[in-house]
Every structure is written in structure tokens, then in C-alpha cells.
Colleague: 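Below are the C-alpha cells for one structure; questions will follow.
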There are 2 protein chains.
Amino acid sequence: MSDEAKQTDSCVDFGILNSLLGYRLRRAQMNFFSKFSEVCSDLGISPGLFAVIAIVDRNPGLTQTAVAQALGNDRSAMVAAVDKLEQMDIIERRAAKNDRRSYALFMTKSGEQFFSTLSNRVMEHEKAMAQRLKSDKEVDWLLDALDLLAKD
Amino acid sequence: MSDEAKQTDSCVDFGILNSLLGYRLRRAQMNFFSKFSEVCSDLGISPGLFAVIAIVDRNPGLTQTAVAQALGNDRSAMVAAVDKLEQMDIIERRAAKNDRRSYALFMTKSGEQFFSTLSNRVMEHEKAMAQRLKSDKEVDWLLDALDLLAKD
DNA sequence: TATTGTTATACTCTATAACTATA
DNA sequence: TATAGTTATAGAGTATAACAATA
């Protein structure tokens with residue numbers, strides 16, 4: 001490898017990208033995503049599926065559309081997700097009481113146990129990442145800042 | 001709509017998701033992404049293409065592989081990106097001096113002008129988002145925090 | 001008419017493997 | 001043998017449109 005080529009290895013000027021929240025958000029999120037996958041891939045759970053489980057766990061009886069709206073997804077994306085989670089015996093569809101068009105989503109018994117294990121893993125990962133910041137105060141501050149940037 | 005169903009609209013408990021940096025990062029990044037698209041879609045530039053242009057603008061003569069490594073992408077993804085940017089007369093491939101396998105990437109004259117316009121738009125968008133935070137100090141702090149979370 | 005779940009579809013982004021021409 | 005660019009391909013994620021059953 002020539003010296004000229006070697007320059008390209010680590011001396012790249014990121015210019016405007018360095019000052020862009022959007023770019024840094026993307027890099028940070030991509031890192032979180034890949035780390036999450038490492039931690040949870042053997043359990044067959046992606047970040048998206050984790051979010052669905054977390055919502056159903058805390059809000060038993062929600063419809064598929066309601067979960068989709070909460071997560072900012074389209075209803076059509078819920079079908080495959082709930083199919084998979086039902087196949088894994090984590091979530092179950094039950095006929096809704098007042099509306100025969102919709103299903104109510106509930107955790108199964110084994111699903112609750114699974115989510116407990118899963119949450120512990122995710123929290124460990126989260127803890128390791130949060131420790132890169134100086135204090136718990138800074139983590140809270142970051143959570144608030146990200147919330148501001150997520151709105152509309 | 002029944003009262004029972006109405007509950008699902010905005011009274012969803014996000015549980016553990018609320019305290020997860022990973023989830024909030026995802027929501028914030030998705031918002032940035034869609035806003036960026038609104039601002040730049042008429043120019044035919046996605047966040048990914050913008051990053052490529054920004055790197056080439058500041059580092060003329062880099063190879064495709066070097067740009068890919070800087071951005072954390074695979075080389076194969078660069079082909080279509082550079083094809084499009086070359087078609088738009090923003091970037092051009094030139095034969096590399098010492099290595100006939102590789103191209104050196106450079107901005108075209110019109111590309112530099114285009115990037116100037118583009119950067120102004122992106123900076124406006126960025127400014128609007130940054131103003132959601134309390135001060136410039138907080139923005140700098142956030143940039144540093146995101147940088148910490150993006151590493152390995 | 002409007003809404004729920006569903007299906008089909010497509011589009012983007014991304015990663016992998018294999019090929020070629022060079023090194 | 002190793003690397004740069006390329007191609008083909010496949011997977012995940014996401015969004016749109018249309019349909020049947022139901023409201």
C-alpha cells in the first residue's frame with residue numbers, strides 16, 4: 001500500500017458532517033442497533049419486535065393498529081410481527097370484545113417469562129452504553145434531549 | 001368509536017422503552033431522516049448521498065472504498081451512489097494515478113455549487129432542530145454524547 | 001362511509017459472495 | 001495472494017393500495 005493511499009485510512013475530514021446532529025444520531029443509532037442484534041439475535045428478537053413486546057406487556061388488550069400507532073409504524077407491518085411473536089408463543093391474538101374486526105393482543109405465560117429474560121439482557125446492554133456518559137444525570141438529560149428531537 | 005377503544009389513542013404506557021437510549025435514538029433519528037427527506041427530496045438527495053458528497057468535497061481524490069470505510073458502509077453500496085452522483089454531474093470518477101484498479105473521486109464545478117445550496121438547506125433544517133434545545137452549549141454536549149455512543 | 005386485519009407489492013437500505021482487472 | 005470496483009442477490013424495514021369483514 002502506497003503512502004498516498006495510506007492517507008485515506010484515518011485522516012478523513014468529515015467537514016459539515018461533524019457538526020450535524022442528524023449524522024451523529026445516525027451513527028449512534030446504527031451502533032446501538034448492531035449491538036442490540038449481537039445481544040438478542042440468538043433469541044430471534046429485533047429492536048422492532050422488542051418494542052412491540054414492550055408495548056403489549058404494559059398495555060394488554062391493545063389492538064394491532066393501536067400498537068402500530070404507538071410505535072409510529074404502519075398497521076400492515078404489524079401482521080408479520082405479530083405472526084412471528086405468536087409463533088414464538090410470546091404474544092397471542094384474542095377476539096376483541098366489542099369489535100369483531102379486531103384482535104386484542106396479550107402476553108402468553110411463557111411470553112412474560114421470555115420478556116423478563118429479554119429485558120434483563122437489553123438493560124445490561126443499555127447500562128454498558130450509558131456508562132460511557134459521565135453520570136446518571138447526563139443520561140437523563142440525553143433522554144430528554146432525544147425526546148425533544150423526536151417530536152413531529 | 002367506543003370509549004374502550006379511545007383509550008388506545010394516547011394513553012399508551014411505553015414502559016421500559018421510555019428509559020432506553022436505543023429506542024429514543026431510533027425515534028429521533030427517524031424524525032431527522034423524514035425531515036431531511038422533506039427538505040432535500042426535490043434535489044434528489046438522501047441523507048446517505050449527502051454524506052458521500054460531504055466527504056468528497058472535503059477530501060478530493062479519495063477512492064470509493066476509502067469513502068465507504070469513512071462512512072461505515074460496504075464498498076458495494078458506493079457503486080450505485082457514485083453512479084447517481086456522477087449522473088447528476090455532482091461528482092466525477094477520475095483514473096487514480098498509482099493504481100489502475102481504483103478511481104479517485106472529485107467534485108465537479110456544478111457539484112461544488114450544488115453542495116453549497118444543499119448545505120445551506122441542511123444547515124437551516126439542522127438549526128431549526130437545534131433550537132429545540134436550550135442553548136448552543138447543550139447542542140455541543142449532545143454532539144459529544146452521540147459521538148461517545150457511536151464508537152465500536 | 002369508515003375502519004381492522006390482511007395481502008400483494010414495491011422501494012430503500014444494507015450486506016454477502018463472486019467475478020475482473022489489477023497490484 | 002490480496003485489493004478495487006463491480007454485479008447479482010438476498011434480507012430487513014417500511015410504505016402504499018386494495019380487498020373482505022365488520023362498524
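The shown structure was predicted, so the numbers you read here are calculated from the model rather than taken from an experiment. By convention in this document, chain letters (A, B, ...) are assigned in the order of the sequence lines, proteins followed by strands, and residues within each chain are numbered from 1.
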Colleague: In whole angstrom, give the distance that lies between atom CE of B:M78 and atom P of C:dA15.
Modeller: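 Taking atom P of C:dA15 as the reference, CE of B:M78 is at 13 Å.
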Colleague: Using OP1 and OP2 only, check whether a side-chain N or O of A:T65 sits under 4.0 Å from C:dG5.
Modeller: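 Checking C:dG5 against A:T65, a side-chain N or O does come within under 4.0 Å of OP1 or OP2.
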Colleague: At less than 4.0 Å, is any side-chain N or O atom of B:R93 found next to OP1 or OP2 of D:dA4? Yes or no.
Modeller: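 For D:dA4, OP1/OP2 do not have a side-chain N/O of B:R93 under 4.0 Å.
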Colleague: Check the distance between C:dT14's C1' and B:Q69's CD and give it to me in whole angstrom.
Modeller: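 Those two atoms, CD and C1', are 17 Å apart.
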Colleague: Just so I know, are the side chains of B:I91 and B:F106 near enough to count as touching, which here means a heavy-atom distance under 4.5 Å?
Modeller: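 Contact flag for B:I91/B:F106 side chains = no.
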Colleague: From A:Q69 CD over to A:T63 OG1, what is the distance, rounded to the nearest 0.5 angstrom?
Modeller: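 Rounded to the nearest 0.5 Å, the CD-OG1 separation comes out at 7.5 Å.
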Colleague: Check this for me: does any side-chain nitrogen of one of B:D147 and A:R132 sit under 4.0 Å from a carboxylate oxygen of the other?
Modeller: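 Here B:D147 does not pair with A:R132 in a salt bridge, since their nearest N and O are not under 4.0 Å apart.
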Colleague: Determine, for nucleotides 8-23 of chain D in 5'-to-3' order, which nucleotides have protein heavy atoms under 4.0 Å from the base (write B), from only the sugar-phosphate (write S), or from neither (write -).
Modeller: -----SSSB----BBS
Colleague: Starting at CD of B:Q64 and ending at C1' of C:dT20, how long is that distance when rounded to a whole Å?
Modeller: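 Checked: the CD to C1' distance equals 15 Å.
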Colleague: Give a yes or no on whether B:N120 atom CG has more than 12 heavy-atom contacts from other residues, nucleotides or ligands under 6.0 Å away.
Modeller: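 It does: B:N120 CG has more than 12 such atoms within range.
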Colleague: To the nearest Å, give me how far apart CG (B:L49) and C1' (C:dT14) are.
Modeller: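 So the two atoms are 14 Å apart, to the nearest Å.
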Colleague: Without placing hydrogens or testing angles, list every side-chain donor-acceptor pair under 3.5 Å for residues 42-49 of chain A, not counting sequence neighbours.
Modeller:
from  : atom 1 : to     : atom 2 : distance (Å)
A:D42 : OD1    : A:R121 : NH1    : 2.8
A:D42 : OD2    : A:R121 : NH1    : 3.3
A:D42 : OD2    : A:R121 : NH2    : 3.2
A:S46 : OG     : A:L49  : N      : 3.3

Colleague: Mind checking whether B:F14 and B:Y23 have parallel, tilted or perpendicular rings, split at 30° and 60°?
Modeller: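 Tilted, since the angle between the ring planes falls between 30° and 60°.
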